[in-house]
Number of protein chains: 2
Amino acid sequence: MPRAGLSTQAVVQAAVEVIDEHGADALTLAAVASRCGVAAPSLYKHVGSLAELKIQVGVRVLHELADRFAAAAMGRSGQDAITALMHAYRAYVAAHPARYAVMPVDPLHHPALAAAGIRQLEVIQAALRPWQLDAAAQVHTIRRLRVIAHGFASLESAGGFGLPDDLDETYQQLIDTFFDSLPTHS
Amino acid sequence: MPRAGLSTQAVVQAAVEVIDEHGADALTLAAVASRCGVAAPSLYKHVGSLAELKIQVGVRVLHELADRFAAAAMGRSGQDAITALMHAYRAYVAAHPARYAVMPVDPLHHPALAAAGIRQLEVIQAALRPWQLDAAAQVHTIRRLRVIAHGFASLESAGGFGLPDDLDETYQQLIDTFFDSLPTHS
DNA sequence: GCCGAAAAGCTACTGCCATTAGCCATCGCC
DNA sequence: GGCGATGGCTAATGGCAGTAGCTTTTCGGC
């Protein structure tokens with residue numbers, strides 16, 4: 001009886017692969033166990049429950065997106081940086097549509113997810129710095145960005161747009177009107 | 001053994017009530033059967049499967065929202081009509097957050113859902129008529145509206161906004177910037 | 001190198017769920 | 001009043017999450 005040498009992170013990785021290959025609904029302990037070459041109850045040595053595994057997957061996905069954000073913003077500023085963030089968001093969701101379905105939309109309400117959520121927020125706040133918005137305006141501005149990015153990405157990844165034509169153009173229009181809503185910056 | 005007198009629509013109604021009371025994840029045939037005062041297998045006389053029931057619930061919810069749309073647009077035109085539609089959308093989702101989680105985002109891709117989806121679309125097209133957009137511009141404009149409404153509503157209903165303050169203001173800003181993106185109409 | 005404890009597997013089991021099969025009571029119509 | 005269609009039932013299957021308790025491996029301390 002050789003040991004499989006699992007770890008919590010290995011189980012999370014297998015879970016992400018299951019999601020990528022068979023969709024978010026196919027994330028079951030049985031499927032993850034099978035992919036790990038292990039019996040289902042053995043997974044409980046590494047994760048507390050299916051619900052906890054889903055949270056861990058959420059953490060992983062949030063961090064991946066935060067990484068893309070950080071990479072996209074690096075070396076850019078102002079309008080250029082925001083545009084890069086928006087495209088990074090859409091590109092991540094397009095590359096991993098099933099992962100987006102398990103990305104929690106309210107990370108700040110869960111302690112295990114908050115850190116990953118805050119990482120994303122900080123990158124956006126930094127990119128908005130040139131506009132010198134006051135606190136209230138900054139809240140509304142980040143919300144508007146989020147609505148646009150999440151709204152578009154969730155519809156696109158779920159096949160919500162009837163025709164797939166010219167989606168780049170639609171997204172660009174949304175980004176353009178977002179900039180129109182901002183005061184001109186220094 | 002008196003008869004319960006069920007029907008497909010009664011089962012769908014019970015399913016909606018289960019969703020309203022216990023969330024979208026609690027929609028199970030066992031729960032619906034219990035609410036109908038019937039054993040679970042009896043439901044199969046009225047619905048083909050749980051998956052089919054979910055689609056029927058989707059149809060019901062799409063039609064409810066289309067009704068709200070039609071009511072909101074009635075007697076209004078132009079900017080006034082669009083504003084009313086956007087508020088109707090948000091109000092419906094706020095009143096029935098759990099139903100929104102089961103509302104299909106790609107109704108046009110499923111024959112049973114398409115009719116309900118098209119009803120919504122037609123109301124929006126009518127409201128946009130004063131701007132006399134050409135076909136391509138109309139597609140992008142409706143997509144932008146949908147992104148804003150769905151993005152905001154899905155985040156709000158899922159508790160995605162960290163602080164609940166001033167959400168009216170954020171939504172109004174989104175609507176305002178949408179109008180800024182339109183040409184001035186007759 | 002050895003030993004003991006912790007860690008990582010396993011099988012067996014429970015309970016919930018969807019779904020199927022097949023039985024029986026009820027209803028509506030003639 | 002009888003008969004077929006309809007709507008309900010119980011029993012059973014198979015998949016799933018999760019628990020209990022056992023066995024084997026691993027590894028640090030000696």
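Residue numbers begin at 1 in each chain, while the letters A, B, ... track the order of the sequences.
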Subject >> Non-neighbouring partners of A:A31 that pass side chain to side chain contact (heavy atoms under 4.5 Å, CB included), sequence neighbours left out >> reply: A:V18, A:T28

Original post:
Whole Å only: how far is the CG atom of A:L43 from the C1' atom of C:dC10?
Top reply: 13 Å

Subject >> Pairs where residues 79-88 of chain A contributes a residue and the test side-chain hydrogen bond (donor to acceptor under 3.5 Å, both in side chains) is met, not counting sequence neighbours >> reply: none

Subject >> Phosphate-side-chain proximity, B:S42 and D:dG7, N/O vs OP1/OP2 below 4.0 Å >> reply: no

**OP:** Go through the side-chain N and O atoms of B:Q172 and B:D168 and say whether any donor and acceptor fall under 3.5 Å apart.
**Re:** no

Subject >> Where at least one partner belongs to residues 103-118 of chain A, residue pairs that pass side-chain hydrogen bond (donor to acceptor under 3.5 Å, both in side chains), sequence neighbours excluded >> reply: none

Subject >> Between D:dG15 (P) and A:H22 (NE2): distance, integer Å >> reply: 16 Å

Original post:
OP1 or OP2 of D:dG8 sitting under 4.0 Å from any side-chain N/O of B:H46?
Top reply: yes

Report each atom pair, protein N/O against N/O of nucleotides 16-23 of chain C, whose distance is under 3.5 angstrom.
unit_1	atom_1	unit_2	atom_2	d
C:dC17	O3'	B:T28	OG1	3.4
C:dA18	OP1	B:T28	OG1	3.0
C:dA18	OP1	B:L29	N	2.7
C:dA18	OP2	B:T28	OG1	3.1
C:dA18	OP2	B:L29	N	3.2
C:dA18	OP2	B:A30	N	3.0
C:dT19	OP2	B:Y44	OH	2.7
C:dT19	OP2	B:L50	N	2.8
C:dT19	O5'	B:Y44	OH	3.0

Subject >> Atom-to-atom span, CZ of A:R3 to C1' of D:dT25 - whole angstrom >> reply: 4 Å

Original post:
What integer distance in Å separates A:L53:CG from D:dA17:C1'?
Top reply: 12 Å

Original post:
Who pairs with A:E64 by salt bridge (Lys or Arg N to Asp or Glu O under 4.0 Å), at least two apart in sequence or on another chain?
Top reply: A:R99

**OP:** Answer yes or no: is there a side-chain heavy-atom contact under 4.5 Å between B:F161 and A:V147?
**Re:** yes

Original post:
Going by distance alone, is a donor N or O of one side chain under 3.5 Å from an acceptor N or O of the other, for A:Q13 and A:E17?
Top reply: yes

**OP:** Can you tell me the distance, in whole Å, between the CG atom of A:D25 and the P atom of D:dA17?
**Re:** 13 Å

Original post:
How large an angle, rounded to 10°, do the end axes of the helix from C:dG1-D:dC30 to C:dC30-D:dG1 enclose when each is built from five base pairs?
Top reply: 10°

**OP:** Describe, in one word, how the ring planes of B:Y100 and B:Y89 are oriented to each other, choosing from parallel (under 30°), tilted (30 to 60°) and perpendicular (over 60°).
**Re:** perpendicular

